[in-house]
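Input: a single structure, listed below in structure tokens.
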Amino acid sequence: MDKIWAAFAVIATMHAATKIVSGDFGKTREGAATRIYTLTNKSGVEVKITSFGGRVVSLKVPDKTGAMGDVVLGFDSLEGYLNENPYFGALIGRYGNRIGHAQFKLDGVLYKVPKNDGDNSLHGGTRGFDKVVWTPRELPDGGLELTYLSKDGEEGYPGNCKVTVVYHLTDANELKIEYAASTDKDTVVNLTNHSYFNLAGDGDVLGHMLTLNADHFTPVDSGLIPTGVLKPVAGTPFDFRKSTAIGARIEENDEQLKLGKGYDHNWVLNKKGFELSLAARVEEPSKGRVMEVWTTQPGIQFYTGNFLDGTIKGKGGKVYARRSALCLETQHFPDSPNKPKFPTTELKPGAEFRSTTVYKFVK
Ligand code: GLA
């Protein structure tokens with residue numbers, strides 16, 4: 001009898017597990033086929049992810065009344081993602097964020113990477129991981145695995161670098177992203193996801209309440225390259241150690257806010273090592289959605305969509321205005337390849353880079 005109940009229990013758990021279904025998402029301009037995957041958990045929370053750039057296309061979570069709403073910016077079809085857009089939902093690499101003067105030295109060799117952000121290189125160059133088609137695989141547990149081989153010399157980076165990203169949607173309303181990378185030559189790696197969140201699903205994010213578990217941030221120069229200093233947040237508009245409205249100080253007469261045209265900076269997370277720890281918490285008072293960000297990474301780029309300017313029309317024809325979304329990009333610090341004192345982003349043959357980030361919806 002016990003055995004029968006145990007078997008039922010197993011079947012019941014299997015039914016409760018996240019479902020994954022896939023569909024065609026169209027072809028790139030080069031004719032490569034792309035797919036879109038829908039992961040749904042037992043409460044009906046749903047995430048759609050495409051193999052094009054590994055992008056999170058939509059993420060539907062409940063508000064305080066239980067109504068589901070999409071909390072990320074993006075497009076209804078592949079076409080939108082193929083056109084110019086600021087990395088909506090994308091996986092970012094080989095080096096997320098900026099590399100100063102678009103060059104770095106590794107083992108005494110100077111490597112030049114594309115200048116696509118003034119004099120600097122941003123988010124992996126001209127054709128970063130956000131613009132390639134990843135190889136998808138549906139996992140038996142309802143997860144989605146995406147792999148990509150970035151060839152030796154691609155976008156100027158040394159080494160054949162194999163990257164695997166696994167997305168899971170758990171029954172605890174967590175979107176979990178696990179990154180792994182290996183190489184056959186010394187290289188640098190910084191991987192993240194560039195989802196733009198608006199927990200109200202509309203309007204700007206200035207009323208969202210943010211907590212960041214960080215005593216320091218990395219101030220930048222006019223090209224948004226860290227100066228190398230770890231500056232205490234105390235007494236500055238960068239202090240989010242207590243929950244504060246994003247808009248409360250964003251227009252203050254502060255040099256760093258002026259350089260970023262708002263928040264566009266890396267915070268140094270308070271942590272011992274590379275353990276999974278709470279990095280950020282965002283609460284949107286009107287709809288009552290709360291998102292926590294957990295990560296094993298040492299830093300987080302908090303960006304308030306300062307460069308969105310209303311020229312992009314997204315899902316359902318919605319105009320994406322300035323500061324209508326926020327990004328919380330877990331990462332190593334920007335320009336680490338040129339900042340020996342920052343935690344290293346070097347990856348050697350035989351070693352494996354691993355990191356985990358969880359976006360958890362707690363209400
Ligand atoms: C990151 C950068 C920003 C901006 C966006 C994309 O968040 O730090 O400066 O480039 O990506 O527009």
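These numbers were taken from a predicted model, which means no experiment stands behind them. Atoms within each ligand, like the ligands themselves, are counted from 1 in listed order.
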With heavy atoms under 4.0 Å as the rule, classify the contact between Y196 and ligand 1 as side chain, backbone, both or neither. side chain
Between the candidates F307, Y87, F302, which shows the shortest non-hydrogen contact distance to atom 4 (C) of ligand 1? F307
If we number the atoms of ligand 1 from 1 as shown, the ones under 4.0 Å from a heavy atom of Q301 are 8 (O)
Which of the ligand 1 atoms, numbered from 1, are nearer than 4.0 Å to a heavy atom of R98: 2 (C), 3 (C), 8 (O), 9 (O), 10 (O)
So, taking the atom named CE in M68 and the one named NZ in K60, what distance separates them when rounded to the nearest 0.5 Å? 10.0 Å
for atom 7 (O) of ligand 1, nearest protein heavy atom and its distance come out as E329 OE2, 2.8 Å
Carboxylate-amine/guanidinium contact E251 R323, below 4.0 Å: yes
Would you check, one step at a time, whether the test ring-ring contact (aromatic ring centres under 6.0 Å, His included) holds for H265 with F238? CA-CA 9 Å; H265 297 76; F238 291 77; 4.7 Å; yes
Electrostatic pair K258:D254 at N-O distance under 4.0 angstrom: no
What protein heavy atom sits nearest atom 11 (O) of ligand 1, and how far off is it? H194 NE2, 2.7 Å
Please report which non-hydrogen protein atom sits nearest to atom 9 (O) of ligand 1, along with the residue it belongs to and the distance in Å to one decimal place. D264 OD2, 2.4 Å
The ring-ring contact (aromatic ring centres under 6.0 Å, His included) partner of W267 among Y303, F333, F302 is F302
With a 4.5 Å cut-off on side-chain heavy atoms, are I177 and V165 touching? yes
For atom 12 (O) of ligand 1, the closest protein heavy atom turns out to be P86 CB, 3.6 Å
From the candidates I92, L122, N97, L308, the one that places a heavy atom nearest atom 10 (O) of ligand 1: L122
Carboxylate-amine/guanidinium proximity below 4.0 Å for E46 and K19: no
